[in-house]
Structure formats: C-alpha cells, structure tokens
Amino acid sequence: MKRILITGASGQIGTELTALCRKTYGVDNVIATNVKAGINESVENDGIFYSMDVRDGNRIYELVNSHQIDTIINLAALLSAVGEKNPELLWEVNMHGLYNCLEVAKDTGAMVFTPSSIAAFGPSTPKMQTPQVTIQRPETIYGVSKVAGELLCDYYHKKFNVDTRGVRYPGLVSYKAMPGGGTTDYAVMIFYEALKHNAYTCYLSSDIKMDMMYMPDALSAILSLCEADGGKLRHRNAYNITAMSITPDDLAASIQKHLPDFRLSYDIDPIREAIARSWPDQLDDHFAREDWHWAPSYDLEAMTEDMLHQLRLKLGIA
Ligand code: NAD
Ligand code: AKB
C-alpha cells in the first residue's frame, strides 16, 4: 500500500483509519473521501479530502487515476439497523458502491479492501465457533449485501485477477466517532451513558451474546491483511475475526469494576433484538490467525479500561 483512497472516511472506522494511514503511509499518500463534506473536522482538515459518492463510478475512477491510487479501502455503507429502514438506499450504496470500486480496480490494478460482517450469517448458521465456511442465510438487507459483496469480490478476484481482501468484522467499539446505526451500537453507547449518567437502558436483552472488537484491533486487521502475502490467503474476501464474545451483562459487569454504582436496565427494541439473535455468538477465526497472523490485543477488561480512560478525557469528566 503506497497510495490509498478511503471511501466513507468520515464514519466510525474511517475517522480512525484515515488518521492511522496518514501517520503510517504519509499525509500526501492518503485520499479521504465521503459522500459529503462538513461532517468530520479531522478527516477533512488534516490531509487530502474530497466529497465523493460511491454510487458515482466516474468520480471514483477520476480520483484513483489522478492520484495514482494502488489501494481502495471501501468503507462507505449503510449498517444493519438503518438499512432495515431504507433497504433500497442500502442496496444502492453497499452494492453499487462496491461494484464501482471493483470496476475501477479492474481497470487500474488497484487492490480493494471491503469489510464484511457477522451480519453475513443468519439464524441457520452454527452459533458457536461459527466456521469460516458455513451456512450464510442472513435475514437483513445489510446481511444480504454483505454475502453478495463477499461473492462479488471473489468473482472479481477469480475472473479479473483483482487483488480483493476483506474481513468479517464483529461489532466495533470506539470513542472517536459515533457508530453509524448498527445493531451492536449499544456496546459504544453504554460507555458514554455510564460516564455521563451512571446508567444505561439497553435495547437488547441481557443474554444476547455477540462478537465484539476494540477499534485499535480492527484497524490493525486492515493494515495486516492488506500488507499480507496474497499467495497465503485462503479466504481473501471474508476472514472471520473476533476479539471477545460478550453479552450486555458481561459489558456492564466489566464497567462496574471501575464504576461500582453503574446500573444497566432494559427496554427491548424488537427489530434490533431479532437481528442480534440471528447473528453468531462466537466466530472461529483460526484461518485469519494462521494465514496472516491475526491476533487481537484487547480483551473485554483491557477494552473497558481504555474506553473509560479515553472517554473521560474526551468528555472532560474527572
Ligand atoms: P459508518 O456508518 O460509521 O460510516 C459509513 C460512512 O459512509 C459514513 O461516513 C457515511 O457518511 C458514508 N456514506 C454513506 N453513503 C455514502 C455514499 N453514497 N458515498 C460515500 N460515502 C457514503 O460505518 P462504519 O462503522 O465505519 O463501517 C464501515 C464498513 O465496515 C461498512 O462496510 C460496515 O458494514 C463495516 N462494518 C462495520 C462494523 C462496525 O461495528 N462499525 C462491523 C462490521 C462491519
Ligand atoms: C451492525 O451492527 O450493523 C454493525 C455490524 C456488526 O456489521 N456493527
């Protein structure tokens, strides 16, 4: 990776990935883009930034060509909860956006990294130690777009030799940008509410177990996979990766070790509850560990400690 174009750079992952890529590869070698400007100060002002809609293939081609881009990191997407409210827009952004990136890569030789998700699985997938290759019958439009995206990337790799890569992310926890409307967002909101109000009302039941990961590990996964030897990748477009498998109760107990008075209550949202119940409890990520040495640094306790510390600084709470 020498010259990188990031789509959807103003989002939860893009905010931190853009900063990390600028630091790692040089400010002038990272082109951050998002559908519109005016939503993220650091992404837009600390380096090169353009407004770019991933539905506009000509615009992607123009920027990739004029900046001699060799790697497209495609983060522009709608997530699971907002997607159920507007399936048509989700399909346009998630599928046509990816198709446009792959077409440009076919013509220019760029690598394309696109994240998939635990949402690519559904209720008929084995829940525990979910295998790398298994049943994928998701029941959300977001999940359908993720399975279709994995297959589209496989197709462009096999048919046109495009260097496509991707991981199936679990829910991501971070403190810089707010999450973009997913089912796992509770795992971020709980930290803000714990520090502000010592209480959080969760929209998922106490026993819903899902894979989660702290953002520093999510970012290192992108850089490690993109830098890995392509010849060693047995599942290049959709590696299962995970860092922890937790319920809202587990997260609350971890927060209570630092804030003993913190209280968790529940007010279930049936839509997000059904989505969460359809996703795996715990992924098997041994292929990622073997093929490109994936190894997360943060478990639940380390993540909780750092999130509380960083958010105290951000919110100015002593
Ligand atoms: P996000 O919603 O925070 O950010 C997405 C960004 O895309 C936003 O800045 C949005 O403005 C932008 N965008 C929307 N429509 C666009 C368009 N037409 N053209 C260009 N940009 C557009 O999402 P995120 O959490 O940063 O996720 C990035 C990728 O990672 C997505 O593919 C998502 O499915 C995947 N992922 C995220 C998580 C997570 O927990 N955050 C988990 C699994 C997979
Ligand atoms: C969501 O909840 O939609 C995302 C994801 C797991 O893909 N965080």
Side-chain angles (χ1 to χ4, degrees), residues 3-22 27 29-67 69 71-108 110-117 119 140-146 148-149 152-153 156 164 166 169 172 174 176-185 188 215 218-219 222:
R3 302 219 10 121
I4 303 160
L5 180 127
I6 304 174
T7 76
S10 305
Q12 189 190 6
I13 301 176
T15 298
E16 298 198 42
L17 182 73
T18 299
L20 180 63
C21 286
R22 283 173 175 159
V27 174
N29 293 321
V30 180
I31 314 301
T33 69
N34 205 72
V35 65
K36 57 180 184 211
I39 48 178
N40 192 312
E41 210 174 298
S42 65
V43 167
E44 292 168 32
N45 298 336
D46 296 350
I48 305 168
F49 174 84
Y50 294 98
S51 298
M52 189 193 81
D53 190 327
V54 280
R55 292 170 293 177
D56 182 351
N58 291 335
R59 177 85 170 130
I60 303 177
Y61 185 83
E62 182 190 305
L63 289 179
V64 166
N65 205 29
S66 62
H67 288 276
I69 296 297
T71 307
I72 302 171
I73 300 182
N74 178 36
L75 302 179
L78 266 60
L79 275 68
S80 57
V82 292
E84 289 308 297
K85 292 185 184 138
N86 196 343
E88 193 179 337
L89 180 64
L90 181 142
W91 196 255
E92 279 294 312
V93 175
N94 294 19
M95 291 315 303
H96 287 161
L98 175 58
Y99 171 80
N100 287 337
C101 291
L102 291 168
E103 273 293 299
V104 169
K106 186 179 84 177
D107 292 346
T108 60
M111 173 195 287
V112 179
F113 175 92
T114 307
S116 185
S117 163
T140 60
I141 190 67
Y142 175 66
V144 172
S145 81
K146 288 300 175 191
L152 195 62
C153 289
Y156 270 75
T164 52
Y169 273 136
L172 301 182
S174 67
K176 287 203 174 138
M178 297 306 275
T183 303
T184 60
D185 293 9
V188 177
M215 189 58 83
L219 301 182
I222 298 184

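Side-chain atoms are counted along with the backbone in the values below, which use heavy atoms only and exclude waters and symmetry mates.
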For the residue pair [X] and [Y], what are the closest heavy atoms and their distance?
X: Ala110; Y: Ala105; answer: O-CB, 3.4 Å
X: Met95; Y: Ala148; answer: CE-CB, 3.7 Å
X: Ala32; Y: Ala9; answer: CB-CB, 3.8 Å
X: Ile39; Y: Glu44; answer: N-OE2, 3.0 Å
X: Pro115; Y: Leu75; answer: CG-CD2, 3.7 Å
X: Ser80; Y: Thr183; answer: OG-OG1, 2.7 Å

Side chains of [X] and [Y], heavy atoms from C-beta outward: is any pair under 4.5 Å?
X: Lys176; Y: Met215; answer: no
X: Thr114; Y: Val112; answer: yes
X: Ile73; Y: Leu17; answer: yes
X: Trp91; Y: Tyr142; answer: no
X: Asn34; Y: Phe49; answer: yes
X: Val93; Y: Leu89; answer: yes
X: Asn74; Y: Val54; answer: yes
X: Ile72; Y: Ile69; answer: yes

Nearest 0.5 Å, please: how far is [atom2] in [Y] from [atom1] in [X]?
X: Cys153; Y: Phe113; atom1: SG; atom2: CZ; result: 10.0 Å
X: Ile4; Y: Ile6; atom1: CD1; atom2: CD1; result: 6.5 Å
X: Cys101; Y: Met111; atom1: SG; atom2: CE; result: 14.0 Å
X: Leu152; Y: Ser145; atom1: CG; atom2: OG; result: 11.0 Å
X: Leu78; Y: Glu92; atom1: CG; atom2: CD; result: 11.0 Å
X: Leu63; Y: Asn58; atom1: CG; atom2: CG; result: 11.0 Å

- Could you name each residue pair satisfying salt bridge (Lys or Arg N to Asp or Glu O under 4.0 Å) that touches residues 96-107, not counting sequence neighbours?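 Residue pairs passing salt bridge (Lys or Arg N to Asp or Glu O under 4.0 Å), neighbours aside: Glu103-Lys106.
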
- Note on the structure: Here the salt bridge (Lys or Arg N to Asp or Glu O under 4.0 Å) pairs for residues 3-22, sequence neighbours left out, are none

- Query: Without hydrogens or angle criteria, can the side chains of Asn40 and Ser10 be said to hold a donor-acceptor pair below 3.5 Å?
  - Reply: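 There is no such pair (donor and acceptor under 3.5 Å, judged by atom type) between the side chains of Asn40 and Ser10.
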
- Quick one: do the Thr33 and Thr7 side chains pair a donor with an acceptor below 3.5 Å? no

- Does the pair Tyr169 and Ile222 meet the rule for a side chain to side chain contact (heavy atoms under 4.5 Å, CB included), with working shown? CA-CA 10 Å; Tyr169 273 136; Ile222 298 184; 3.0 Å; yes

- By ring-ring contact (aromatic ring centres under 6.0 Å, His included), Tyr50 pairs with (sequence neighbours left out) His67

- Query: Yes or no on side chain to side chain contact (heavy atoms under 4.5 Å, CB included) for Leu219 and Ile13, after CA distance, side-chain angles and deciding distance?
  - Reply: CA-CA 8 Å; Leu219 301 182; Ile13 301 176; 4.1 Å; yes

- Query: Could you walk me through whether Ile48 and Asn29 pass the side chain to side chain contact (heavy atoms under 4.5 Å, CB included) check?
  - Reply: CA-CA 9 Å; Ile48 305 168; Asn29 293 321; over 6 Å; no

- Task: Evaluate the criterion side chain to side chain contact (heavy atoms under 4.5 Å, CB included) for residue pair Leu79 and Gln12; output intermediate values, then yes/no.
- Result: CA-CA 11 Å; Leu79 275 68; Gln12 189 190 6; 5.5 Å; no

- Item | Set of salt bridge (charged side-chain N to carboxylate O under 4.0 Å, His left out) partners for Arg59, sequence neighbours left out | Glu62

- Arg55: salt bridge (charged side-chain N to carboxylate O under 4.0 Å, His left out) partners, not counting sequence neighbours: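 In terms of salt bridge (charged side-chain N to carboxylate O under 4.0 Å, His left out), with neighbours along the sequence ignored, Arg55 is linked to Asp53.
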
- Under the side-chain contact (heavy atoms from CB on, under 4.5 Å) rule, collect the residues that match up with Asp185, sequence neighbours excluded.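 side-chain contact (heavy atoms from CB on, under 4.5 Å) list for Asp185, sorted by chain: Pro179, Tyr203.
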
- Query: Does Asn65 reach the main-chain N or O of Tyr61 with its side chain, forming a donor-acceptor pair under 3.5 Å?
  - Reply: no

